[in-house]
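Before any comments, here is the structure.
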Amino acid sequence: MYFISRKRKKLLEGLNKIYNVGLYIRLSREDDDKVEMSESITNQKSLLLQYVKENNLRVYDIYIDDGYSGTNFDRPDFNRLLNDIELGKINMVITKDMSRLGRDYIGTGNLIEKYFPEHNVRYIAVTDNIDTFLDSSNNDIAPFKAIMNDMYAKDISKKIKSSLKAKMKEGKWVGGRTPFGYNQDKDNKNHLVINTEQASVVKRIFDMCLEGLSFFKIARQLTNEGVKTPAQYYSFEWKNNYNLKYGEWHSKTIRDILTNRMYIGDMVQNRRNKVNYKVKKVIKNNPKDYIIVENTHEAIIDKDVFYEVQKRIPKNKGRNGKKENHLLDGLLYCGDCGHRISIQSRRKKDNRCYTICNYYRAYMKERRCTTHSNNYDELEKVIINSLTHMCLNYINKDKIKNNILNNLTEDNKINNEKELDMLTKDIKQINDNLDIIYIDKLNKKITEEQFERVKVKLENELNTKQKIYNELNNNINDNINEESKNKMIDEYINKFLSMKEPSRELIINLIDKIEIFEDKTINIEATFNDLA
């Protein structure tokens, strides 16, 4: 009797079996930049078609994922391939090598060791000589190849991150979607240029904040006017976004715009990072880890305006959606525990509203603080009267004009500007000398040792001059900013004193904080206290 071994029987069955082949081709952006032309879509396709021709196999379909990472198995055509396997349309999958299937060794191993066998699918990696139908030593080392492919992906990820961070530190834009108000420069993708239409909206949002409007009110006004949202401008990236569908602005969008330092011309990047090279989840970085480079692109918002808005943002906090907005919203603090004091809704029976300490309200049973309850309308009158006396006292002392000229005389200005001009020329001359000695070294006019000695000397001199220049320039700017601040305070005080009913805009410009103590004592921290 003639017996056939199981291995031989399997081989004969396999040779006689009709295979419907799915050719899978993948090329990631990393591969496109780093690897040889043999990995390209065209070359992969040519290789696989030649293989099926030589082995008399029938191709059911070709599945191509161009621009997808091998560490992620959520790819359009790969999913289509799996779906056709589930439907029984395919019983053989062929790739150029295992890395085309995937670079995650866990996912790749699961496919080769479990998924394909469970679905009676034969897998072939042509250049790796892997064929799951054959009992070959090449199949035994497949797990090790999967690990090597995974390590390659990890190495590529590290190199790309390192390259991106280097560009960030140079002040180059390396993000995807640009901040609202900017576009990528057509001639230089790492540089930002202003989008005039969007920038006008950004400027208006800052102006509305300076007028004292809360995030909620700004958002509602823009929505009512039908102003396009960022989501509507970037509709290709926001497929199922509520803002895109209804064109509705939200308080968070307003806050994000008002706190974005990019609008003063500074490049702020590295705000978020992926968990690792395999996981898409993104986590926010600590602000101290942000990479910030100043003056890299044209500003939309003046720096003085931006930092003035930053001071006002806490004053607008917690005012969204109120039926009644009060003059002192966001300015009241408990003088005993330090927490905010909120203004409760007006009562129907006596048409009055009262203040309450938020810390007391949160821990009422524990009695961690007291109510700090005050009739708000009376409190507002007392504070406005106190502020009026403070302003009159300040004006009478005639401090503003003296402070404006105290640290910045015309003579000092001229001398400082002359010194800056001289330093600029010195710095330029040192840089020119550095270029000259470098060329001399290239032309072998001086030795490497001579070059290094002169270079160190020039660089030390350059650093000293640059430090003096920076300090002098900063002092001039500080004095100019102080002068600007004093003039602004002068205008606000005169405007306040001339009005019978001051606006919230004036109040938040004149008051930083109001502390209310349990014994009814009130402490007003005015923006001009430090100047008085």
Side-chain angles (χ1 to χ4, degrees), residues 177-183 194-235 237-238 240-264 299-332 340 342-346 353 376 380 384 488 491-492 495-496 499-512 527:
R177 182 170 62 85
T178 56
F180 183 70
Y182 287 103
N183 291 332
I194 291 177
N195 179 310
T196 308
E197 184 180 354
Q198 295 175 10
S200 65
V201 178
V202 173
K203 288 177 182 177
R204 189 177 172 204
I205 289 171
F206 274 84
D207 289 341
M208 292 165 84
C209 181
L210 290 176
E211 290 169 8
L213 272 66
S214 66
F215 304 147
F216 176 77
K217 281 194 170 183
I218 295 172
R220 187 170 60 182
Q221 188 168 328
L222 294 176
T223 301
N224 291 341
E225 293 177 11
V227 177
K228 285 175 71 175
T229 65
Q232 287 177 309
Y233 279 104
Y234 302 110
S235 58
E237 293 182 12
W238 300 70
N240 299 311
N241 190 283
Y242 183 84
N243 294 354
L244 172 61
K245 186 176 181 181
Y246 298 103
E248 186 167 338
W249 287 81
H250 287 284
S251 299
K252 184 181 181 303
T253 307
I254 302 301
R255 184 183 181 89
D256 288 345
I257 289 173
L258 290 173
T259 55
N260 193 344
R261 188 171 160 181
M262 296 282 286
Y263 294 122
I264 61 173
I300 293 175
I301 303 299
D302 182 77
K303 287 187 178 181
D304 289 339
V305 172
F306 179 81
Y307 288 114
E308 179 64 28
V309 165
Q310 304 319 297
K311 290 194 297 184
R312 298 191 187 192
I313 283 175
K315 301 175 185 179
N316 286 336
K317 188 177 179 181
R319 300 180 64 237
N320 296 349
K322 278 192 169 188
K323 290 182 179 178
E324 181 182 3
N325 288 313
H326 303 284
L327 202 61
L328 305 178
D329 271 333
L331 297 172
L332 304 178
R340 284 182 178 273
S342 61
I343 305 164
Q344 296 183 307
S345 300
R346 198 170 290 278
C353 57
Y376 172 76
E380 186 179 291
I384 295 301
M488 193 180 294
E491 291 174 5
Y492 287 143
K495 195 173 181 182
F496 170 77
M499 295 179 68
K500 292 183 179 179
E501 295 183 3
S503 66
R504 177 170 171 79
E505 179 190 0
L506 277 174
I507 292 300
I508 63 176
N509 274 302
L510 293 174
I511 299 178
D512 277 332
T527 56

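The nearest pair of heavy atoms linking Val227 to Gln232 is O-OE1, 4.3 Å. Nearest heavy atom pair, residue Ala199 against residue Ile194, reads CB-CG2, 3.6 Å. Scanning both residues, Ala219 and Ser251, for their nearest heavy atoms gives CB-N, 4.1 Å. Shown here for Cys353 and Gln344, the closest heavy-atom pair between the two residues is CB-O, 3.2 Å.
Side-chain atoms of Thr223 come within 3.5 Å of backbone N or O of Trp249 as a donor-acceptor pair. Distance alone, capped at 3.5 Å, is enough to place a donor-acceptor pair between the Tyr376 side chain and the Leu328 backbone. Between the side chain of Asp329 and the backbone N or O of His326, at least one donor-acceptor pair lies under 3.5 Å.
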Sequence neighbours excluded and cut-off under 3.5 Å, please list the side-chain donor-acceptor pairs for residues 202-212, or say none.
{"unit_1": "Arg204", "atom_1": "NH1", "unit_2": "Glu225", "atom_2": "OE1", "d": "2.6"}
{"unit_1": "Arg204", "atom_1": "NH2", "unit_2": "Glu225", "atom_2": "OE1", "d": "2.9"}
{"unit_1": "Arg204", "atom_1": "NH2", "unit_2": "Glu225", "atom_2": "OE2", "d": "2.8"}

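With sequence neighbours left out, the side-chain hydrogen bond (donor to acceptor under 3.5 Å, both in side chains) criterion links Tyr182 to no other residue. With sequence neighbours excluded, no residue forms a ring pair (Phe, Tyr, Trp, His ring centres under 6.0 Å) with Phe306. Among residues two or more places apart in sequence or in another chain, the salt bridge (Lys or Arg N to Asp or Glu O under 4.0 Å) test is passed with Asp256 by Lys252. The side chain to side chain contact (heavy atoms under 4.5 Å, CB included) check on Thr259 picks up Arg255, Gln310, Ile313, with sequence neighbours excluded. Scored by the side-chain hydrogen bond (donor to acceptor under 3.5 Å, both in side chains) test, Arg220 finds no partners at all (sequence neighbours excluded).
Here CD of Glu308 is found 11.5 Å from CG of Asp302. Values are rounded to the nearest 0.5 Å. Here the CD1 atom belonging to Ile301 is positioned 10.5 Å from the CG atom belonging to Asn260, to the nearest 0.5 angstrom. The structure places OG1 of Thr196 at 9.0 Å from CG of Asn183, a figure rounded to the nearest 0.5 Å. Rounded to the nearest 0.5 angstrom, Leu222 CG and Thr229 OG1 are separated by 10.0 Å. Once rounded to the nearest 0.5 Å, the distance linking CD1 of Ile254 with CD1 of Ile218 reads 6.0 Å.
Using a 4.5 Å heavy-atom cutoff, the side chains of Phe215 and Ile257 are not in contact.
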Notebook entry, point to check: So Ile264 and Arg261, side-chain contact (heavy atoms from CB on, under 4.5 Å) or not? Walk me through it.
Noted result: CA-CA 6 Å; Ile264 61 173; Arg261 188 171 160 181; 3.7 Å; yes
